[in-house]
Amino acid sequence: MPIATTVWFAITFVLLAAFTGWVVHEIRSVGHRHLSPEDAFVAEADEE
Amino acid sequence: MAHTTETAAAEPTLVRDLTLFSTTMIGVGAMIGAGIFVLTGIGAGWAGPALMLAFILNGIATIFTAMVYAELGSSFPDAGGGYLWVKEALPQPAGFLSGWMSWYAHFVACSLYAVGFGSFFVEFLDSLGFAFWGLETAVVSKFVAVLVVLVFTAINFRGASETGLAGNIVTVIKVLVLVAFIGFGLAATFRNPDWWQNFTPFAPNGAIGIFVAMGVTFIGFEGYEIIAQSSEEIIDPKRNIPKAVFYSLLIVVPIYVLIAFVAIGGLRGLDVPVWQYLGEQQELAMSRAASRFLPGGAFVLLFAGLMSTASALNATVFSSSRVSFAMGRDHNLPSIFSHISSATHTPTYAILISSAFIIIGALTLPIEDIAAGTVVMFKLLFLLVNVSVINLRRNRPDLDRGYIIPWFPGVPIIGIIVKPLLAIFLYELSPIAWYTAVAWIVGGVIFYYVYSRPRELERTETPLVQEVVEPHTRRHNILVSIAKEDHIGPLTHVAKAVAREKQSAIWGMHAVQVPDIVPIGSSREIVMQKQALLDRASATVNSEVPFNWMLRATHDVGRAIQDSIRRKDIDLLVMGWPTKGDPDSPASPLGRTLRWVLERLLCDLLLVRLDETTEALDFSSIVVPVRPLGSGAQSRFAVETARTMAADGDGRLHFVHVAYEGEAVDLENLSRLSGLLSEEMTVIRVNKSSLSTHDVVDAVLRYAHEVEATALVVGATEEGIVSRQLHGSVPIELANRFHGTFLLSKKYSGAVRSYLQEFFGSRPTEHLSDVETMVERS
């Protein structure tokens with residue numbers, strides 16, 4: 001397989017892994033963040 | 001004399017019966033509904049083998065707006081969708097345009113599904129050897145497209161819709177067909193030792209090709225709009241809406257990437273590169289690919305494609321008519337759109353007119369133009385939704401959010417930038433999609449100002465339940481907003497003092513906040529119980545000055561106050577500051593109401609600090625800090641107010657200006673601008689040691705202590721957000737630390753605000769229609 005095609009495949013699957021990891025992280029964060037009382041633009045993770 | 005208005009009937013609510021699984025399936029079903037079956041070939045023709053990359057990049061680009069939908073969906077569990085959120089968050093005509101664009105996006109998407117259905121149907125019959133009596137397949141395909149729209153129009157007319165269970169089954173079957181496609185495709189790919197040759201070159205049309213493919217296939221990534229529209233029926237919506245948004249993406253994006261991989265890798269023996277072949281097959285590319293490696297592949301894919309486009313058609317006929325119905329109900333479209341059939345309980349005209357547009361789109365445009373048209377409009381709608389989430393964070397920090405976007409406002413800002421950028425690339429594919437989109441938006445703006453705006457203005461005239469003719473006509477009117485019985489004494493004390501001096505009439509008002517889900521008209525009984533509060537206020541004022549009152553029901557007290565200011569031509573608003581705190585802090589107990597009023601002030605304001613210890617106000621010794629020259633109008637108003645209060649209670653006045661050590665003070669000019677004599681002013685100096693306001697506040701409080709002040713009258717500042725972050729706010733800190741009567745005055749400084757300020761700033765839009773006066777009496 002040419003190097004260029006190999007690199008493209010690698011980029012695609014790294015991005016797919018990153019996408020999956022990010023989405024899973026956001027699913028886990030549902031209900032576990034709150035807004036900072038001082039600044040509504042700041043999200044804080046709930047304390048365990 | 002008294003007159004009555006209609007009271008809104010309680011609206012039926014839907015039962016929440018959609019589980020997380022069902023909600024996720026709604027999202028998955030909407031995404032793979034037709035996009036992947038219809039648009040894979042067109043996408044491959046542009047991106048080549050890099051269609052895989054286009055899909056994953058689309059997935060990543062979609063996360064940003066998906067997060068916005070997750071937050072907004074979890075914040076408004078009873079009413080979802082771009083139109084409703086934008087209407088809530090942004091000033092007009094943004095709200096109107098979001099509905100107008102959403103309507104277009106949905107009916108053009110429906111045209112796309114109709115054309116896809118027509119093609120699949122004809123191909124399906126063709127594969128069975130049907131000859132169509134010698135007619136062109138393209139003509140038959142369009143005929144079938146029109147027919148299927150009419151069928152689903154009739155189904156929607158009758159009010160039948162896909163049930164949750166049937167919808168789940170259809171979606172699961174579609175996913176299984178695609179999994180089979182992927183499985184057989186992978187086997188076919190790796191049976192070929194030179195499979196990688198199909199992927200070389202990887203991106204034959206370069207980055208432009210990838211971006212165009214991202215744009216054209218985007219419709220396969222926007223299931224979150226449909227999830228949001230179903231929010232009324234979702235169990236535990238605060239958690240399940242955001243989870244379903246993300247789960248549906250987690251399911252479909254890897255499937256899309258694998259489909260792109262096998263559609264290109266699984267074919268061989270073609271005269272042209274595989275990606276080019278798929279591009280030429282357009283909406284039939286998937287079934288043509290399947291026919292080469294899946295047993296009965298063409299039949300199975302066509303069957304799944306027919307199911308997908310049919311269910312997507314049903315959903316979009318429903319949602320396009322639902323959007324136009326909502327706009328009709330809001331008087332943004334003619335009332336015919338909001339007409340509900342008494343026989344079927346469906347919005348018949350909204351369905352009919354939407355279907356007419358769907359048929360026009362399906363008949364007149366090629367499939368690429370239809371796809372590009374719907375994507376362009378969805379992206380512009382999502383742009384507005386991204387702006388809305390920023391405004392709602394600023395203006396509605398109190399919303400109970402099940403999911404909160406991290407890295408705010410970075411995430412929506414990326415959405416704001418990326419969405420139009422990708423839409424621009426679609427010009428390459430279909431200039432006509434952009435022309436029609438721009439024409440639709442311009443037409444919408446004209447329609448808004450010619451038709452909708454005048455009707456909206458009419459609606460802001462709040463209906464009265466009861467009105468007693470007002471006997472007093474005064475040139476100066478004071479509105480006293482009374483929240484609690486304890487506040488009556490202090491607030492009327494201030495109002496009476498001003499009224500005596502200015503010969504004013506006083507309007508007492510109590511606004512009862514009704515929850516959003518309760519129609520205002522049905523809250524009359526609860527609201528009327530508050531009448532005693534205003535009777536008591538009336539007795540307190542006695543007959544010294546004319547006193548009128550009104551009892552109002554509202555979803556938002558701030559809006560009720562603003563509406564009353566307009567209706568009664570109010571010059572001065574007197575209201576309480578129920579406890580200590582910074583009105584700009586989201587956690588402040590002052591909350592939205594005071595923020596609303598401060599930010600949209602339409603008249604002068606006197607804010608009386610009231611806490612548990614406040615029983616009566618004492619203006620026997622008043623200190624007035626005089627602000628620097630730049631705040632002349634505010635200083636003058638504070639001085640005037642202090643003089644009024646002192647005259648009313650025979651009090652002493654102490655005017656003080658705080659300056660830094662070594663700072664030159666033009667006492668003459670400062671006194672003149674503040675309406676004082678220079679000898680009335682005391683100047684005290686502090687070290688310029690830090691940027692903090694503490695030194696200034698300390699100096700004023702020391703001085704107040706020295707002169708045994710019982711009251712502080714402070715003019716509001718005009719400091720911007722950045723300045724306040726750096727320096728704090730002198731009035732707020734004084735209010736927090738001074739023990740005694742505290743009065744904050746703010747002079748009305750005009751209503752000139754730019755549209756951009758209103759758009760991006762912290763001023764919520766007005767929905768005065770949700771304020772209703774229950775009783776009004778002089």
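Keep in mind that this is a model prediction, so the values were computed, not measured. Here is the naming used below: chain letters follow the sequence lines, and residue numbers restart at 1 for every chain.
Looking at A:I27, A:V23, A:V24 one by one, the single match for side chain to side chain contact (heavy atoms under 4.5 Å, CB included) with B:Y247 turns out to be A:I27.
For chain A, the nearby part of B:I63 is the side chain; its heavy atoms alone come within less than 4.5 Å. With a threshold of 4.5 angstrom between heavy atoms, B:I405 approaches chain A through N, CA, C or O but not through any side-chain atom.
In this structure, A:L35 and B:R393 have side chains that are in contact, with non-hydrogen atoms separated by less than 4.5 Å. Residues A:P2 and B:F202 have side chains not in contact (no heavy-atom distance under 4.5 Å, counting atoms from C-beta outward). Contact check for B:M67 versus A:W22: side-chain heavy atoms found under the 4.5 Å cut-off. Side-chain contact between A:F9 and B:M52: present, with at least one pair of heavy atoms (C-beta onward) separated by less than 4.5 Å. Contact check for A:E26 versus B:P406: side-chain heavy atoms found under the 4.5 Å cut-off. When side chains are defined from C-beta on, A:F19 counts as touching B:L249, because their heavy atoms get closer than 4.5 Å.
By the 30° and 60° cut-offs, the orientation of the rings of B:F408 relative to A:F41 is perpendicular.
With chain A as partner, the option from B:T200, B:D194, B:V257, B:V245 having the largest number of non-hydrogen pairs under 4.5 angstrom is B:T200.
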(request) Could you give me the CA-CA distance, side-chain angles and deciding distance for B:W195 and A:M1, then say whether side-chain contact (heavy atoms from CB on, under 4.5 Å) is met? (result) CA-CA 9 Å; B:W195 63 269; A:M1 191 189 301; 3.5 Å; yes

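The aromatic ring centres of B:F261 and A:W8 sit 6.0 Å or more apart.
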